[in-house]
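Keep in mind that what you see is a predicted model, and the values were worked out from it rather than measured.
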Amino acid sequence: MSTQSSRLAARMMVAPSVVLLLIWMIVPLAMTLYYSFRFYRLLSPDRTGWTGFTNYLWFFNSPDFWLALFNTLALVGGVLVITVVLGILIALLIDQPVKGQGALRILVIAPFFVMPPVAASIWENLFMHPQNGLFSAIARGFGAQPILFLEQYPMWSVIGIVSWEWLPFATLILLTALQSLSSEQLEAAEMDGAGPFARFRYIILPHLTRAITVVILIQTIFLLGIFGEIFTTTQGGPGSASTTLPYMIFKQAIAAKDIGRAAAGGIIAVILANIVAYFLMRGLGRNLDA
Amino acid sequence: MARALSPRRLWLTTAAAWFVALLIFFPVLWMILTSFKTEPSAVAMPPQFLSADWTLENYAEVWARSDYPRFFWNSVVIAVGSTLLGLVIAIPSAWAMAFVPGRKTKDLLMWMLSTKMMPAVAVMIPLYLIFQRLGLMDTKIGLVLVLMLMNLPIIIWMLYTYFKEIPGEILEASRMDGATLWGEIIHVLTPMALPGIASTMLLNIILAWNEAFWTIVLTTTRAAPLSAFIASFSAPQGLFYAKLSAASAMAILPILILGWFSQKQLVRGLTFGAVK
């Protein structure tokens, strides 16, 4: 029952956020686009001018760029796979009528509230440090050489840290979805002779589709921009081994002070995000309707 | 989906569930334990658990030596400020989209969420330059604005989800009684929407508190919140493990406690109503 006047009022109420978000999106993006075609280095302020696609070509010709692109996708993909698979398993476990479910939830959600730099520095120093970390103590306890996590397996280490941060989110959303599944359906299937795997495959998994979609969608939004964890632990190294696209752009801007290049990298990152978003929406969009 | 288990299996699954939960929680626990150890005890090999020297010294020292209170205060101002400002802008919008939906409302919501897909690094340079031009560099008000804009889509989505669950008939009834638009919002809607607004506020405070890109890029010292402070905290040769842990604990405990109290609503809110 919306009248003409209430509809007008509604538009007025939506307008501020739409206008703000439009400005927030368009102004910086237009400026980034502009700088991406300019020669603009803070260290040589006298030289300016258009450079065409030079800044973009620098990226495409740099082997670091393709590594960074791969690392970015590996980070997003790796964390998604780990959190969804482990999340389903842990949710199935906690969903059993175990003792102290409330306390379990509180323990499991804790990493979600830990800010990225803290999460990264806990893992870097208290666990992965080759001399003083807990992992090296365990390795030595077994008489083995400590693993040099951040030096030898920097990308895997970062994926591990970020997975730890996002596992609670995946687990609790999947748990919420599991708890709405009726037990009659499962019992009926059991009576019909369906084993645990068949029950999981044909009843539980379809029921979780929507929750998994939400987990993938929300996590991808945050994972594409992962920055603090790398900044705190590896600084993108050793060499460029754990440099992602966001971190590579950050280095161009802050360390090399090359605004033009960083801007071109920014535009490439936007294009990448759009491609990912397109496939996400195409693959998952229909799960979200209704 | 809970079903009865035999006592033996119940015992086994309970043990397994607790083991997994403790494993996930362990890094936080270990950090808190380390924060109460003396420095030599914190890096002792093999790691000390019950035999460690316990002390409160680290907390006192971090508090006194660093500018911890200022970082803390910056975090509070930035997280709460950006959240309140975001709510002021988002509440009317979400209200209008939930109760006077147009044909394009769903598209509009999707578009808003899509602005969050834009990588922060892509707009880092312009924002950096705009901030320098306007003198917003290393100011709390600048970070409040940026974090508000960054989280605005999430705030609107969450509020929209909560508002949609309020039955429209109640609004119509109040309208029949001659309530004005603002009267309707203040006297009818607000009391019913308060739980939703509260959990939106909490989640957003947590997101803003933990933000670690803009806080690092746009601050140096004056306006730096805890996330920027911790990111620059180095621990050469493990000499500062206990102090690092104490500083970390002080950085996350306020939010951890806040989060624990509201975890149920938070999880529900973060699914944007898509998972019941």
* To do: With a 4.5 angstrom heavy-atom cut-off, could you sort out which part of A:I122 is near chain B: side chain, backbone, both or neither?
  => side chain

* To do: Answer with side chain, backbone, both or neither: which region of A:S136 has an atom nearer than 4.5 Å to a non-hydrogen atom of chain B?
  => side chain

* Taking every non-hydrogen atom, the tightest pair across B:S245 and A:L126 -> OG-CD1, 3.8 Å

* Which heavy-atom pair separates B:I130 from A:M31 by the least distance, and what is that distance? -> CD1-SD, 3.8 Å

* Do B:L10 and A:K99 have side chains that get closer than 4.5 Å, going by heavy atoms? -> yes

* Structure fact -> The interface call for B:A251 against chain A, heavy-atom contacts under 4.5 Å, is both

* **Between B:G102, B:A16, B:P27, B:A21, the one whose heavy-atom pairs under 4.5 Å with chain A are most numerous** => B:P27

* chain A: which of B:L22, B:L258, B:L129, B:I91 shares the most heavy-atom pairs with it under 4.5 Å? -> B:L129

* To the nearest 0.5 Å, tell me how far B:I24 CD1 sits from A:T171 OG1. => 5.5 Å

* Among B:M150, B:K106, B:M97, single out the residue with the greatest number of heavy-atom pairs under 4.5 Å to chain A. => B:M150

* Gap between atom CZ of A:F231 and atom CD1 of B:I216 - 0.5 Å precision -> 5.0 Å

* Contact winner vs chain B - A:A120, A:A103, A:A119, A:G266, heavy-atom pairs under 4.5 Å -> A:G266

Name the atoms and distances for all side-chain donor-acceptor pairs under 3.5 Å in residues 13-28 of chain A, with sequence neighbours left out.
residue : atom : partner : partner atom : Å
A:S17   : OG   : A:V14   : O            : 3.1
A:S17   : OG   : B:S93   : OG           : 2.4

* Checking heavy atoms, do the side chain of B:L29, its backbone, both or neither come under 4.5 Å from chain A? -> neither

* Structure fact -> When the 4.5 angstrom heavy-atom criterion is applied to A:L167 and chain B, the contacting part is side chain

* Asked: Are B:L113 and A:I221 side-chain neighbours, meaning at least one heavy-atom pair lies under 4.5 Å?
  -> yes

* To do: Pick one of side chain, backbone, both or neither for A:R140, based on which atoms fall under 4.5 Å of a heavy atom in chain B.
  => side chain

* Side-chain contact, heavy-atom cut-off 4.5 Å: B:L253 with A:F113? -> no

* Structure fact -> Given B:W209, B:W18, B:F213, the one with more heavy-atom pairs under 4.5 angstrom with chain A than any other is B:W18

* Side chain, backbone, both or neither: which part of A:Y34 has an atom under 4.5 Å from a heavy atom of chain B? -> neither

* **Proximity breakdown for A:F227 and chain B, heavy-atom pairs closer than 4.5 Å** => side chain

